[in-house]
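The structure appears below as structure tokens.
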Amino acid sequence: MRRRVLAALVVLTALATAISPATAAEQRTTAAVFPAEVIGEDFPDPDVIQVNGTWYAYSTNNGRGHVPTASAPSANGPWTIRGDAMPGGPSAGWAQSGRTWAPDVHPNPDGSFTLTYTAWHKASGRQCIGVATANSPLGPFTPVGSQPLICPLNLGGAIDANTFVANDGTRYLLWKNDGNAIGVNSTLWLTRTTNNGTALTGGNTALISSGGVIEAPDLVQRGSQYVLFYSGGSYTGCEYLTSYAVAPSLSGPWTTAYRPLMTTASFDNHVCGPGGADFTGDKVFLHGWVNGSRHLYVADLGWAGDFPVVRGSRVRTEAERGTLNNCRVRTGAAGASQGAVAAYIDFADSWVENTFYAPRAGSYTLWVGYANGTGSTATHGVVVNGNSQGAVSYPVTGWDNWRQSSVNVTLNAGWNTIRLTKGNSYAEVDYFELQ
């Protein structure tokens with residue numbers, strides 16, 4: 001499993017740079033709605049909860065304190081910095097101040113709150129996971145115990161704790177052994193907890209592992225599968241990304257997504273290095289790299305079946321996998337995505353139709369990968385849910401010379417059908433990217 005996941009991560013990193021719209025666009029119109037910057041200062045590794053209608057966010061330490069916190073009346077703000085949720089710092093029994101990372105705050109059934117945090121282990125210099133409690137989401141959180149909750153020093157220590165509660169009520173903690181710190185594999189683990197998440201019970205279950213960077217796990221249970229989100233790459237720049245793996249059970253097997261969920265390129269450079277993500281209801285909170293710090297962003301989240309879709313991040317659909325009428329698939333297309341395209345869209349009743357999922361109703365950009373080897377600009381009519389929404393134009397490129405053009409479309413929340421119909425001249429269609 002480790003070799004498969006590592007190989008997939010290499011593919012994902014390559015694709016994160018390969019999907020760049022700069023390679024491309026013949027038309028630069030866009031109606032996409034990108035993530036909104038809601039805290040315009042350093043607020044990395046966000047964890048966000050909602051309590052009695054108020055939203056609370058927590059971040060890795062910075063000049064605001066050990067566990068900076070903010071609150072807002074809605075997910076999109078306005079957000080107000082509220083100070084340090086753990087003003088006394090991490091447990092004096094085992095930790096020292098200065099590297100208190102990636103807090104996770106979880107409401108408990110008894111009305112209390114549990115904070116799981118990463119801190120600097122005094123005895124080893126590594127990072128380990130501790131726990132604290134409070135009676136308010138704003139704290140003050142008081143560390144529990146004189147020893148870390150999780151601290152596998154032979155595996156590099158532990159970071160990035162995150163609470164997961166299964167549909168049956170069983171509570172777990174996700175975490176990463178920090179193999180990157182000592183040159184060994186890093187694994188994302190799942191451990192059952194008890195006593196409001198302040199104690200461990202049972203053994204550790206390995207989820208996915210890699211010799212590269214995988215971190216910041218977050219787990220969601222959907223109807224047919226579990227979805228494990230994680231970040232990859234270096235957080236100090238635009239190569240940082242968010243991807244995911246899915247499995248039918250917590251014991252696996254885990255299958256890594258073919259393409260990352262969020263990259264700098266998939267957001268058309270509107271967010272640099274989207275990572276550290278927290279998936280909360282129908283929102284995803286993430287940080288992006290801005291002039292040496294990491295700002296907080298929020299985006300709409302939807303589920304296409306049981307697979308995640310983030311508004312503003314490109315989702316690719318292969319044209320040849322749609323419904324084709326009086327046209328056909330051409331395989332062996334040099335340079336085309338997955339080697340096949342929709343071709344011979346040459347007649348009045350020729351069309352290519354695919355389905356697309358929109359997390360919210362509103363404006364989107366449809367990017368079309370195409371080639372036009374004729375002597376003039378070609379077009380296709382655009383029909384959305386049975387209604388005409390104009391046309392997409394394809395400047396001349398030459399056959400098997402693939403470029404992109406875009407058209408603005410208005411979609412319903414949920415599933416939509418988009419059909420390309422015969423227009424002027426001729427073009428082949430490689431893929432669609434909805435943004």
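Reckoned from all heavy atoms, side chains included, excluding hydrogens, waters and symmetry mates. Keep in mind that this is a model prediction, so the values were computed, not measured.
Judged by distance alone, with hydrogens and angles left aside, the side-chain atoms of Asp84 form a donor-acceptor pair with the main-chain N or O of Met86 at under 3.5 Å. Judged by distance alone, with hydrogens and angles left aside, the side-chain atoms of Trp402 form a donor-acceptor pair with the main-chain N or O of Ala334 at under 3.5 Å. For the pair Tyr370 (side chain) and Pro395 (backbone), a donor-acceptor distance under 3.5 Å is present. Proximity of a side-chain donor or acceptor of Ser112 to a complementary backbone N or O of Ala134 within less than 3.5 Å is not detected. Asn62 contributes a side-chain N or O that, together with a main-chain N or O of Asp42, makes up a donor-acceptor pair within less than 3.5 Å. Between the side chain of Thr69 and the backbone N or O of Ala57 there is at least one donor-acceptor pair closer than 3.5 Å. Of the possible donor and acceptor atoms, one in the side chain of Thr397 sits under 3.5 Å from a partner among the backbone N and O of Asn401. When atom types are taken as modelled, the side chain of Asn177 and the backbone of Ala158 share no donor-acceptor pair closer than 3.5 angstrom. For the pair Gln435 (side chain) and Phe267 (backbone), a donor-acceptor distance under 3.5 Å is absent. No donor-acceptor pair under 3.5 Å is formed between the side chain of Ser406 and the backbone N or O of Trp367.
For the pairing with Arg171, the side chain to side chain donor-acceptor pair (under 3.5 Å) check across Thr194, Asn108, Thr163 returns one residue only, Asn108.
Of all heavy-atom pairs between Pro148 and Cys128, the closest is CB-CB, 4.0 Å. Minimum interatomic distance between Val48 and Thr280 (heavy atoms only, all atoms of both residues): O-OG1, 3.4 Å. Scanning all heavy atoms of the two residues, the minimum distance from Arg360 to Leu301 falls at NH1-O, 3.5 Å.
In this structure, Tyr394 has its ring center closer than 6.0 angstrom to the ring center of His380. A distance of 6.0 Å or more separates the ring centres of Tyr297 and Phe285. No close placement of the Tyr230 and Tyr244 rings is indicated, their centers lying 6.0 Å or farther apart.
Partners of Tyr235 according to the ring-ring contact (aromatic ring centres under 6.0 Å, His included) rule, which considers only residues two or more places apart in sequence or in another chain, do not exist here.
Cation-pi contact between Arg99 and Trp120: present, with separation from the ring centre below 6.0 Å and deviation from the ring axis of at most 45°. The side-chain tip of Arg311 points at the ring of Tyr364 from less than 6.0 angstrom away and within 45° of straight on.
Ring pair Tyr226/Phe164 is perpendicular by interplanar angle, where above 60° counts as perpendicular and below 30° as parallel.
Looking only at side-chain heavy atoms (C-beta outward), Phe229 and Val220 come within less than 4.5 Å of each other. With contacts defined as side-chain heavy-atom distances shorter than 4.5 Å, the pair Val368/Leu420 qualifies. Residues Asn76 and Lys283 have side chains in contact (heavy-atom distance under 4.5 Å, counting atoms from C-beta outward).
A 6.0 Å sphere centred on CG of Asn154 holds more than 12 heavy atoms belonging to other residues, nucleotides or ligands. Shown here is Asp168, whose CG atom has more than 12 heavy atoms of other residues, nucleotides or ligands within 6.0 Å.
Among pairs with a residue in residues 58-85, none fulfils ring pair (Phe, Tyr, Trp, His ring centres under 6.0 Å), at least two apart in sequence or across chains.
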